Every structure is written in structure tokens, then in C-alpha cells.
Amino acid sequence: MLEEILAGGAAALGISLPENAPRLYRAYYTALTEANRQFNLTAIEGEDQAARLHFLDSLAVLRWEKLAGKNVIDVGTGGGIPGLALKIAEPALQLTLLDATEKKTAFLASLSEKLGLPCVCLTGRAEELGHESAWRETYDIAVARAVAETRILAEICLPFVKVGGKLLALKSADTDGELKAAESTVKALGGVIAAIHDYTLPGTDIPRRIAVIEKTAPTLEKYPRRWAAIQKRPL
Ligand code: SAH
């Protein structure tokens, strides 16, 4: 059952969950399943998988990063992973959920209200919103999972992050080459790959990784470029 898997997994990760977390994750799971019947929101097969592959995978961030009081943006959030799953565990974080697809952000806006977890839901392309002064270099932390390879991810996410803040990229563990290839890109964007945390997803043998990219200097105004350029010629 979802509740037991989450309790056991959180304990294995060394994370304590608020009292209302089991109820909120259950409601979140139900909402995801219902929405999936109407449009393809996220790949989930049953509550065990949702608990491990979505919720615990998100929660792992809290093993290394304290998010209470931080201003956090989830770039390419899809069904709210990892952002909304983190907000249930740490309601004191200020959350922005960004996705290019209106259907997804509309779902998240209504769900977050239903769960009593206020957040800002932004519809748009990260590489465009990252140029707007309302969002540029205003976040302590950017998080992202399954959006793009690290070079591309860094270009669309680092512009949102304040100097002194971080991008946390949730990755599979076989990304040594991808991260190595991103070192010069990250530097060009004002960042540095500061840490790589490897762990096994609790209750599975799936190796996972959180890459921590610290922002040490402002990102040049010319970044991010337009999507076609970012994809065709990653920095
Ligand atoms: N983070 C979620 C969803 C991953 S799917 C998860 O791990 O389950 C990738 C999502 O990123 C999609 O919802 C897609 O709409 C969004 N996306 C991809 N490129 C984007 C961009 N440049 N700007 C905004 N959203 C983007």
C-alpha cells in the first residue's frame, strides 16, 4: 500500500513526514490516476510504483537539501514531480510549478488548491520565462526530473536561480558521461557541478542520482537561447 511504502521509504531515506502526508499523497495519487484517464499526464502503474518511482524519488532530495523557507521552482513539472511531492513533505517551501502544457498546469493549480498547498502554477516555455524579470534569478532552488539532458537542462534552469542558489537535477545513475559533458556548459551559465549524490530508490534496486549544480555567477543575458538553438547546439 502507498502509505506503508512511503512511511518505510521515508524512514530509509532518513526523512520525517508531516502527520497529514499519508492523506495528501493518497489524494495526490487518486487525482493523478483520474487525470490520466482524461489525458496522458504521467506514466504510473499502480500505487506501489507511484509511491516509489514518483513520490520517494522526489523525497530523496530532502536527504541532502533543506528546503524549508526556500523559494523553489520545478521546471517541466508534468504531474507535479518532484515539486508538489516535496511540498507535501515540506509545506514551508514556496513552490512554483512550471510546465509548457496548459492542461498540466491547470490540473496542478486545481490539485494544489484541493490539497491546501498553495503554489504558483506557470504555463510557458522555460527558455522564454527565464528571460522575464519576474522570474529570472529569483529562486533559491530549481529542481527538475526527466526534462532534458544536463547541458540543455542547465541552460533552461540556471537562469531562474539566484547567485548562491542551486539546480538539483534528478537523474538516473548512469549519467557520468552526461554530467562530464555538461561541465563547461554549466560554467558558461554561471554554475558549477558541486556534488553528485547517488542512492538506491528504497524498496527497489534502481540506482538514482541527484546532481547538485551551484550558481556562482549571474547568467549572461543571452541565455537561455531559443529552443531550436539549445537543442541543435547544446552549449
Ligand atoms: N518532471 C515530471 C515530468 C517529466 S516529462 C516527471 O518527472 O514526472 C517533461 C515535462 O517537461 C513535460 O510535461 C513537458 O511539457 C515539460 N517541458 C519540456 N520542455 C519544457 C520547456 N522547455 N519548458 C517548459 N516545460 C517543458
Side-chain angles (χ1 to χ4, degrees), residues 25 28-29 31-33 35-36 38-47 49-62 67 72-89 93 95-109 111-112 119-132 134-136 139 141-161 167-173 175 178 185 189 201 204 206 208-211 219 223-235:
Y25 284 116
Y28 189 176
Y29 169 71
L32 279 177
T33 327
N36 259 343
Q38 290 155 40
F39 64 103
N40 192 8
L41 182 61
T42 179
I44 37 165
E45 286 178 32
E47 56 185 79
Q49 274 207 14
R52 294 196 177 92
L53 304 186
H54 287 332
F55 299 152
L56 288 177
D57 195 40
S58 303
L59 289 178
V61 166
L62 297 171
L67 298 183
V72 178
I73 184 165
D74 182 0
V75 179
T77 186
I81 302 294
L84 194 55
L86 283 166
K87 174 95 178 155
I88 293 175
L93 71 82
L95 182 62
T96 299
L97 298 168
L98 185 163
D99 204 279
T101 306
E102 230 267 33
K103 257 193 208 167
K104 296 181 181 178
T105 50
F107 163 80
L108 291 169
L111 175 61
S112 65
C119 61
V120 176
C121 295
L122 277 183
T123 310
R125 304 284 313 174
E127 65 277 14
E128 291 169 12
L129 293 172
H131 280 287
E132 292 185 15
W135 319 112
R136 191 175 179 89
Y139 290 92
I141 307 269
V143 290
R145 184 184 82 161
V147 177
E149 60 131 312
T150 309
R151 289 177 301 174
I152 296 175
L153 195 68
E155 183 163 352
I156 65 173
C157 292
L158 278 175
F160 289 112
V161 179
L167 161 62
L168 308 174
L170 282 62
K171 292 272 168 193
S172 63
T175 45
E178 179 184 317
T185 309
L189 293 159
L201 200 55
T204 76
I206 302 171
R208 296 285 295 161
R209 159 173 289 178
I210 296 170
T219 302
Y223 302 126
R225 295 165 294 159
R226 300 171 83 88
W227 185 245
I230 295 174
Q231 273 212 314
K232 217 170 2 165
R233 289 175 278 108
L235 269 180

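All values reported here derive from a predicted model rather than from experimental measurement. We use all heavy atoms of the structure for the numbers below, so side chains are in, but hydrogens, waters and symmetry mates are not. Whatever order the structure lists ligands and atoms in, that order sets their numbers, starting from 1.
With respect to atom 18 (C) of ligand 1, the closest heavy atom belonging to the protein is Val147 CG1, 3.9 Å. Scanning all protein heavy atoms for the shortest distance to atom 8 (O) of ligand 1 gives Arg145 NH2, 3.1 Å. Of the protein's heavy atoms, Ala146 O, 3.6 Å lies nearest to atom 5 (S) of ligand 1. For atom 23 (N) of ligand 1, the closest non-hydrogen atom of the protein is Ala126 N, 2.9 Å. Of the protein's non-hydrogen atoms, the one nearest atom 16 (C) of ligand 1 is Asp99 OD2, 3.3 Å. For atom 24 (C) of ligand 1, the closest heavy atom belonging to the protein is Gly124 O, 3.4 Å.
Neither side chain, Glu102 nor Thr123, offers a donor N or O lying under 3.5 Å from an acceptor on the other.
Among the atoms of Gly79, none of the N or O lies under 3.5 angstrom from an N or O of ligand 1. Residue Ala100 places at least one N or O, backbone or side chain, under 3.5 Å from an N or O of ligand 1. The shortest N/O to N/O separation between Glu127 and ligand 1 falls below 3.5 Å. Among the atoms of Leu98, none of the N or O lies under 3.5 angstrom from an N or O of ligand 1. At under 3.5 Å, a nitrogen or oxygen of Arg125, whether backbone or side chain, sits near a nitrogen or oxygen of ligand 1. Polar contact with ligand 1: absent for Trp227 (N/O pair, distance under 3.5 Å). Ligand 1 has an N or O atom lying under 3.5 Å from an N or O atom of Gly76, backbone or side chain.
Contact atoms of ligand 1 toward Gly78: 3 (C), 13 (O) (distance under 4.0 Å to a heavy atom of the residue). Less than 4.0 angstrom separates some heavy atom of Ile81 from each of these atoms of ligand 1: 1 (N), 2 (C), 6 (C), 7 (O), 8 (O). Near Thr101, the atoms of ligand 1 lying under 4.0 angstrom from a non-hydrogen atom of the residue are 15 (O). In the vicinity of Lys104, heavy-atom distances shorter than 4.0 Å reach the ligand 1 atoms 12 (C), 13 (O).
Closest non-hydrogen pair, Tyr29 versus Glu47, comes out as OH-N, 3.2 Å. Counting all heavy atoms, side chain and backbone alike, Ile81 lies closest to Ser58 at CG2-OG, 3.4 Å. Shortest non-hydrogen contact noted between Asp99 and Thr77 is OD2-N, 3.4 Å. Counting all heavy atoms, side chain and backbone alike, Leu153 lies closest to Ala169 at CD2-CB, 3.7 Å. Looking at every heavy atom in both residues, Leu97 comes nearest to Cys119 through CD1-SG, 3.6 Å. Contact record, Ile230 with Glu127: CD1-CB, 3.9 Å, taken as the closest heavy-atom pair.
For residues 144-154, the salt bridge (Lys or Arg N to Asp or Glu O under 4.0 Å) pairs, not counting sequence neighbours, are Asp57-Arg145, Glu149-Arg151.
Remark: distances from the non-hydrogen atoms of Ala148 to ligand 1 are all 4.0 Å or more.
One distance of note links CG of Leu122 with CD1 of Ile73; it measures 6.0 Å at 0.5 Å rounding.
Taking the six-membered ring for Trp and thresholds of 30 and 60 degrees, Phe55 and Tyr25 have ring planes inclined between 30 and 60 degrees apart.
Remark: side-chain polar atoms of Tyr28 are not paired, donor with acceptor, to backbone N or O of Leu111 under 3.5 angstrom.
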